[in-house]
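A quick write-up on the structure given underneath.
The shown structure was predicted, so the numbers you read here are calculated from the model rather than taken from an experiment. Along the sequence shown, residues are numbered consecutively beginning with 1.
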Amino acid sequence: MSHADLLARHRAVMPGWLALYYDQPIEIVRGSGRRVVDGEGRSYLDLFGGILTNAIGYDIAEISDAVRRQLDTGVVHTSTLYLIEAQVRLAERIAKLSNIPDAKVFFTNSGTEANETALMLASQYRRSNQVLAMRNSYHGRAFATVGVTGIRGWSASSLTPVNVSYAQGSYRYRSPFRDLSDADYIRACADDLREVIETTTAGDVACLIAEPIQGVGGFAVPPKGMFRAFKEILDEYGILFVSDEVQTGWGRTGEYFWGIDAHGVVPDVMTFAKGLANGLAIGGVVARGDVMDSLHAQSISTFGGNPVATTAADAALDYLFEHDLQANAAKQGTRLLAGLRSVAERNPVVGDVRGMGLMVAVELVHPDGTPRPDAATRVLEEARARGVLVGKGGLYGNVIRIAPPMTITDEEVEEALGVLDEAISAAQEEVGR
């Protein structure tokens with residue numbers, strides 16, 4: 001079936017608000033390594049991995065074989081009403097990796113569910129529905145997570161079960177403090193956080209929820225140590241710190257296994273999802289035992305932590321550690337950043353190149369520095385036309401997001417840089433004036 005025919009069927013039965021990339025959307029039907037093939041036979045180097053979810057790549061034998069072995073047992077699902085060895089084994093592993101004392105783990109099906117659970121736990125533990133969040137943040141599409149999302153374009157409703165106050169600091173490029181040194185920037189943002197608590201809350205706040213690197217917000221990276229300064233203030237008030245690691249976990253940031261590790265602090269709660277099972281639906285929360293056990297009502301998860309997803313996740317973690325993909329993320333991310341900064345020097349339409357590990361962003365701007373979403377759209381289309389898939393995001397939709405599978409090779413990085421150079425140059429020529 002042609003993409004045009006499938007698009008017509010899609011529009012007839014799917015919601016109009018369901019976002020699609022490209023003027024002529026594509027279907028991805030096959031994949032191997034870092035490459036995918038669309039429904040019309042065109043091959044692409046995938047630099048976005050299903051929004052950072054195919055973290056190890058496509059058709060990875062060790063993961064596929066583990067899933068097949070579980071399927072061969074005939075047990076795809078039992079629910080959390082029964083013991084599941086794969087679930088317990090994975091929980092033990094994540095609890096240890098988290099460095100959170102006395103950690104316990106609850107599995108969900110997505111990052112949205114994980115963040116909803118974290119907000120429920122924090123509000124129950126603190127007996128408060130007051131929440132702090134970061135400006136330019138994104139935490140999911142459910143009722144509470146939309147309520148703590150700091151990007152207007154992703155906030156579907158002003159109705160929310162939580163009372164939210166927003167702090168600043170994550171998105172440095174457009175911060176009023178952007179020209180300060182790292183130390184002074186952190187001090188200014190920490191002072192702002194304290195003032196937000198003192199002036200916009202009743203004091204008994206449940207938690208601060210924050211992404212160490214903002215994902216949908218355009219891979220915005222705050223200075224290292226900022227959240228350590230925040231945590232010191234939170235501790236003064238007894239406020240919990242929830243680190244949303246849905247996009248930053250599992251070594252993707254290269255230097256650090258968890259994104260929050262860059263700040264030298266252990267949070268009270270972490271949420272995770274996306275790359276854990278390399279494409280299978282899984283998410284979860286790992287938290288201090290007293291916080292996790294503060295929920296006194298009965299609860300289950302019908303599908304969360306099911307045998308297939310947890311088996312895949314365990315195999316994916318094995319592969320990640322055995323092949324030292326965290327080191328590869330650091331190496332290839334450094335090369336991508338250097339190469340794209342060289343491209344930026346020749347193309348004024350690029351206002352900022354930023355990132356950490358294999359979370360790299362290119363922000364497109366007008367000559368006066370105002371956002372240029374049309375340029376980002378042009379780069380997205382030009383890259384696809386040349387056989388490379390990238391993502392797009394940011395508060396104004398003007399940021400190209402690059403987050404390939406963590407197995408990406410030297411040769412593929414060079415290929416990617418060549419195509420992105422051409423795509424950005426084309427955008428400069430067409431819309432960058």
Looking only at the aromatic ring of each residue, does the gap between the centers of W258 and F272 stay below 6.0 angstrom?
no
Indicate the atoms forming the closest heavy-atom contact of L180 with A188, along with that distance.
CD1-CB, 4.1 Å
Does NZ or CZ of R172 come closer than 6.0 Å to the centre of the six-membered ring of Y185, within 45° of the ring's axis?
yes
Counting N and O atoms only, with roles assigned by atom type, does the side chain of S175 sit under 3.5 Å from a partner on the main chain of Y171, one being a donor and the other an acceptor?
no
Can you find a heavy atom in the side chain of V353 that is under 4.5 Å from one in the side chain of V343?
no
Show, in sequence, the C-alpha distance, side-chain angles and deciding distance for F177 and Q168, and conclude whether the side chain to side chain contact (heavy atoms under 4.5 Å, CB included) test is met.
CA-CA 10 Å; F177 307 140; Q168 66 173 305; 3.8 Å; yes
Checking I94 against F107 for the side chain to side chain contact (heavy atoms under 4.5 Å, CB included) test, could you report, in this order, the C-alpha distance in whole Å, the side-chain angles of both residues, the deciding distance, and whether it holds?
CA-CA 11 Å; I94 292 172; F107 289 107; 3.9 Å; yes
Assess the residue pair T271 and N115 against the criterion (side-chain hydrogen bond (donor to acceptor under 3.5 Å, both in side chains)); give the C-alpha distance rounded to whole Å, side-chain angles, the decisive distance to 0.1 Å, and a yes or no.
CA-CA 6 Å; T271 59; N115 285 330; 2.8 Å; yes
Are T108 and S301 packed together at the side-chain level, in the sense that at least one heavy-atom pair is separated by less than 4.5 angstrom?
no
Within the side chain of S123, is there an N or O that forms a donor-acceptor pair under 3.5 Å with the backbone of M120?
yes
F303 backbone acceptor or donor facing H77 side chain under 3.5 Å
no
Closest heavy-atom pair and its distance - M226, H263:
N-ND1, 3.1 Å
Return the minimal non-hydrogen interatomic distance between A118 and V269, and the atom names on each side.
CB-CG1, 4.1 Å
Would you check, one step at a time, whether the test side-chain hydrogen bond (donor to acceptor under 3.5 Å, both in side chains) holds for Y125 with D290?
CA-CA 8 Å; Y125 183 83; D290 58 332; 3.0 Å; yes
Could you tell me whether a side-chain N or O of E116 sits under 3.5 Å from a main-chain N or O of A144, the two making a donor and an acceptor?
yes
If you define the side chain from C-beta out and look only at heavy atoms, does anything of L417 sit under 4.5 Å from L336?
yes
Taking CG in D102 as the centre, count heavy atoms belonging to other residues, nucleotides or ligands within less than 6.0 Å. Is the count above 12?
no
Do E345 and S342 have side-chain N/O donor and acceptor atoms under 3.5 Å apart?
no
In Å and rounded to the nearest 0.5 Å, what is the CZ to OG distance from R135 to S170?
11.0 Å
Are R178 and Y173 in a cation-pi setup, meaning NZ or CZ lies under 6.0 angstrom from the ring centre and within 45 degrees of the ring axis?
yes
Whether R372 side chain and H366 backbone form a donor-acceptor pair below 3.5 Å:
no
Looking at R34 and E415, is there a salt bridge between them, counting it only when a charged N and a carboxylate O are closer than 4.0 Å?
no
Is the shortest heavy-atom distance from the side chain of Q247 to the side chain of I213 under 4.5 Å?
no
Starting at CZ of F241, measure out to CG of D268 and round the result to the nearest 0.5 Å.
8.5 Å
Heavy-atom distance under 4.5 Å between the side chains of I26 and R42, does that happen here?
no
Show your working on side chain to side chain contact (heavy atoms under 4.5 Å, CB included) between V131 and V242 and close with a plain yes or no.
CA-CA 10 Å; V131 173; V242 179; over 6 Å; no
Output for pair (I186 CD1, K224 NZ), nearest 0.5 Å, gives 11.5 Å
Counting only heavy atoms not in R89, do more than 12 fall under 6.0 Å of its CZ?
yes
State the CD1-CG distance between I197 and L208, to the nearest 0.5 angstrom.
8.0 Å
For residues V216 and W154, report the shortest heavy-atom separation together with the two atoms involved.
CG1-NE1, 3.3 Å
Judged by atom type as modelled, is there a donor-acceptor pair below 3.5 Å linking the side chain of Y319 to the main-chain atoms of A61?
no
Greater than 12 external heavy atoms within 6.0 Å of Y166's OH:
yes
So how far is it from Q326 CD to D324 CG, rounded to the nearest 0.5 Å?
7.0 Å
Passes side-chain hydrogen bond (donor to acceptor under 3.5 Å, both in side chains), S425 versus E422? Steps please.
CA-CA 5 Å; S425 298; E422 293 177 3; over 6 Å; no
Minimum side-chain heavy-atom gap T160-V146 below 4.5 Å:
no
Exam field: side chain R69 to backbone T311, donor-acceptor pair closer than 3.5 Å:
no
Under 6.0 Å from the CD atom of E62, do we count more than 12 heavy atoms belonging to anything else shown?
yes
Applying salt bridge (Lys or Arg N to Asp or Glu O under 4.0 Å), run through D352 and R174 and close with a yes or a no.
CA-CA 10 Å; D352 191 32; R174 296 192 182 280; over 6 Å; no
Any chance you could measure L325, atom CG, to Q332, atom CD, to the nearest 0.5 Å?
11.0 Å
Taking all atoms of both residues into account, what is the closest heavy-atom pair of L193 and F230, and its distance?
CD2-CG, 3.6 Å
Please confirm whether the backbone N or O of I408 pairs with a side-chain atom of N328, one donor and one acceptor, at under 3.5 Å?
yes
Heavy-atom check, side chain of L234 versus side chain of V205, under 4.5 Å
no
For G57, does its backbone N or O pair with a side-chain atom of N278 as donor and acceptor, under 3.5 Å?
yes
Counting only heavy atoms not in E85 (residues, nucleotides, ligands), do more than 12 fall under 6.0 Å from its CD?
no
SB check R386 E382 (cutoff 4.0 Å)
yes
Check for a donor-acceptor pair, side chain of N306 on one end and backbone N or O of A309 on the other, with a separation under 3.5 Å.
yes
Less than 4.5 Å apart, side chain to side chain, heavy atoms only: is that true for V37 and Y58?
no
Check the surroundings of atom CD in E40: do more than 12 heavy atoms from other residues, nucleotides or ligands lie under 6.0 Å from it?
yes
SB check R187 D184 (cutoff 4.0 Å):
yes
Worked verdict on L47 versus L45 for side chain to side chain contact (heavy atoms under 4.5 Å, CB included):
CA-CA 6 Å; L47 299 186; L45 176 62; 4.0 Å; yes
Any salt bridge between D410 and K331, counting N to O under 4.0 Å?
yes
Heavy-atom pair of closest approach, residues P404 and L358
CG-CD2, 4.0 Å
